[in-house]
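Have a look at the structure below, then the notes.
By convention in this document, chain letters (A, B, ...) are assigned in the order of the sequence lines, proteins followed by strands, and residues within each chain are numbered from 1.
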Amino acid sequence: MNTPTTGADTRLDLDALADWFTATARPLPWRAAGVTGWGVLVSETMLQQTPVNRVQPIWDEWMRRWPRPSDLAAESQGEVLRAWGKLGYPRRALRLHEAAGRIAAEHDDVVPSDVDTLLALPGIGAYTARAVAAFAYGRRAPVVDTNVRRVVARAVHGAGDAGPPSTNRDLADVDALLPAEDAPAATLSAALMELGQVVCTVRSPSCERCPIAADCAWQHNGRPAYAGPPKKVQKFAGTDRQVRGRLLDVLRGATGPVTRDQLDAAWNEAGQRDRCLDSLLVDGLVEQTDDGRFALPGER
DNA sequence: TAGACGTGGGT
DNA sequence: TACCCAAGTCT
């Protein structure tokens, strides 16, 4: 089926991986036939650091309300932030809103299929640009996310997990695995991600179900533990991120501008609270009204 | 390149 | 209880 022309030096059975994906892929809504590049871009943006099960209902609502980029672009920032709900990292919503405006104005309301054009849009980085090119348009593009990095680290390099990310090296690793033709390469990109998500997981991987276990370098090495530099754990409790989230949650829950007193109730330490409110204003996630109250942007 | 940036569920 | 983790991007 898929003959790996550029990856001929690997002995991984990538045809078996593609077949496994075709047979077992989860029927996620953004994978359905007829989903546009816009639908894929929205899903990929929402899925940045946010689990599938939380994205799915929000994605459904967005596609119903804003089926084209121009539909979202016509909406206010505040309404977009409300619809983003508690997906997290709300700056993603603002950037997607801005990207939608650019796509409507500069690309005839059609999400570009070219990686470099996609990379020029706000909120679209190395991963998302290639994910859209591959999954929406069937292009050959090395899609590298945390799952793919882990699969490559194990199956190709024989390590317990991927070390710190290095975009160019990671892209080259995956590029070397992809077949030359667009369609089979796009399928393999999706298959590598799916494998990392449902089989080659961080903890307790299901190697007995893995279609490439026979040739996996990690298996051959005796499944050594991760030996790279310590992973950095993200603190959350008590950080500015938590405080910003609390403040924004007050604004999302309000129907209009709120007073400073209402925001004060969200966090008891005044210094941190004020600093976070300032940063939200700087980031454009909050606006101040003429009478000194606070609101989501565009809702003054 | 390291650190900031939300949120919630699993262990 | 803490810590870990989840389809990253930007500075």
Side-chain angles (χ1 to χ4, degrees), chain A residues 21 25-26 28-31 39-59 81 84-96 98-99 118-136 141-151 161-171 174 186 189-198 200-205 226 229-252 266-267 272 275-276 279-280 282-286:
Chain A
F21 176 72
R26 295 165 297 169
L28 301 172
W30 42 85
R31 286 176 173 170
V40 173
L41 174 59
V42 172
S43 76
E44 293 300 341
T45 303
M46 290 179 171
L47 287 163
Q48 293 167 5
Q49 302 286 279
T50 303
V52 166
N53 56 1
R54 283 205 279 145
V55 164
Q56 194 157 325
I58 307 295
W59 184 86
L81 286 170
W84 190 258
K86 309 197 80 166
L87 251 27
Y89 294 140
R91 292 187 295 187
R92 289 182 292 168
L94 251 30
R95 292 178 182 138
L96 185 54
E98 184 187 347
L118 286 160
L119 283 171
L121 266 12
I124 300 184
Y127 163 77
T128 303
R130 290 171 180 82
V132 169
F135 305 152
V143 177
V144 181
D145 75 332
T146 185
N147 296 296
V148 173
R149 284 172 16 80
R150 182 173 56 256
V151 169
D161 198 354
S166 171
T167 302
N168 289 330
R169 180 171 49 69
D170 296 340
L171 284 173
V174 176
S189 288
L192 286 166
M193 279 185 63
E194 185 88 346
L195 186 71
Q197 291 164 197
V198 307
C200 194
T201 55
V202 180
R203 286 171 298 206
S204 57
Y226 173 69
K231 309 276 188 182
K232 304 170 181 32
V233 297
Q234 285 222 44
K235 300 296 182 197
F236 180 66
T239 63
D240 286 2
R241 273 186 5 269
Q242 182 180 26
V243 179
R244 285 164 56 104
R246 290 272 191 90
L247 293 170
L248 232 32
D249 199 39
V250 172
L251 292 169
R252 275 195 304 264
W267 196 255
Q272 186 179 25
R275 169 160 45 86
C276 288
S279 74
L280 288 169
V282 168
D283 289 346
L285 286 162
V286 176

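Residue A:Arg149 places none of its side-chain N or O atoms closer than 4.0 Å to OP1 or OP2 of C:dA6. Between C:dG8 and A:Gln48, no contact under 4.0 Å exists linking OP1 or OP2 to a side-chain N or O.
Taking atom CG on A:Asn147 and atom P on C:dC5, their separation rounds to 13 Å, with Å as the unit. When the C1' atom of C:dG8 is taken as reference, atom CG of A:Leu119 falls 13 Å away, rounded to whole Å. When rounded to the nearest whole Å, the span between CD1 of A:Ile58 and P of B:dG8 equals 11 Å. To the nearest angstrom, P of B:dG8 lies 6 Å from CZ of A:Arg54. Atom C1' of nucleotide B:dG6 and atom CZ of A:Arg244 are separated by 9 Å, given to the nearest angstrom. Regarding A:Leu118, its CG atom lies at a distance of 15 Å from the C1' atom of C:dT9, rounded to whole Å. When rounded to the nearest whole Å, the span between CZ of A:Arg91 and C1' of B:dT7 equals 15 Å. Look at OH on A:Tyr89: it is 10 Å from P on B:dT7, rounded to the nearest Å.
Taking the charged nitrogens against the carboxylate oxygens, A:Arg252 and A:Asp249 do have a contact shorter than 4.0 Å, which makes a salt bridge.
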Open item on the list: Before you tell me yes or no, could you show the steps for A:Tyr127 and A:Glu44 under side-chain hydrogen bond (donor to acceptor under 3.5 Å, both in side chains), namely the whole-Å CA-CA distance, both residues' side-chain angles and the distance that decides it to 0.1 Å?
Closed with: CA-CA 9 Å; A:Tyr127 163 77; A:Glu44 293 300 341; 2.5 Å; yes
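Remark: side-chain polar atoms of A:Arg92 are not paired, donor with acceptor, to backbone N or O of A:Gly123 under 3.5 angstrom. Panel note: side chain A:Arg54, backbone A:Lys86; a donor-acceptor pair is recorded below 3.5 Å.
Nearest-nucleotide assignment on DNA chain B puts the 5′-proximal partner with A:Thr50, out of A:Asn53 and A:Thr50. For the pair A:Thr167 and A:Pro90, both in contact range of DNA chain B, the more 5′-proximal nearest nucleotide belongs to A:Thr167.
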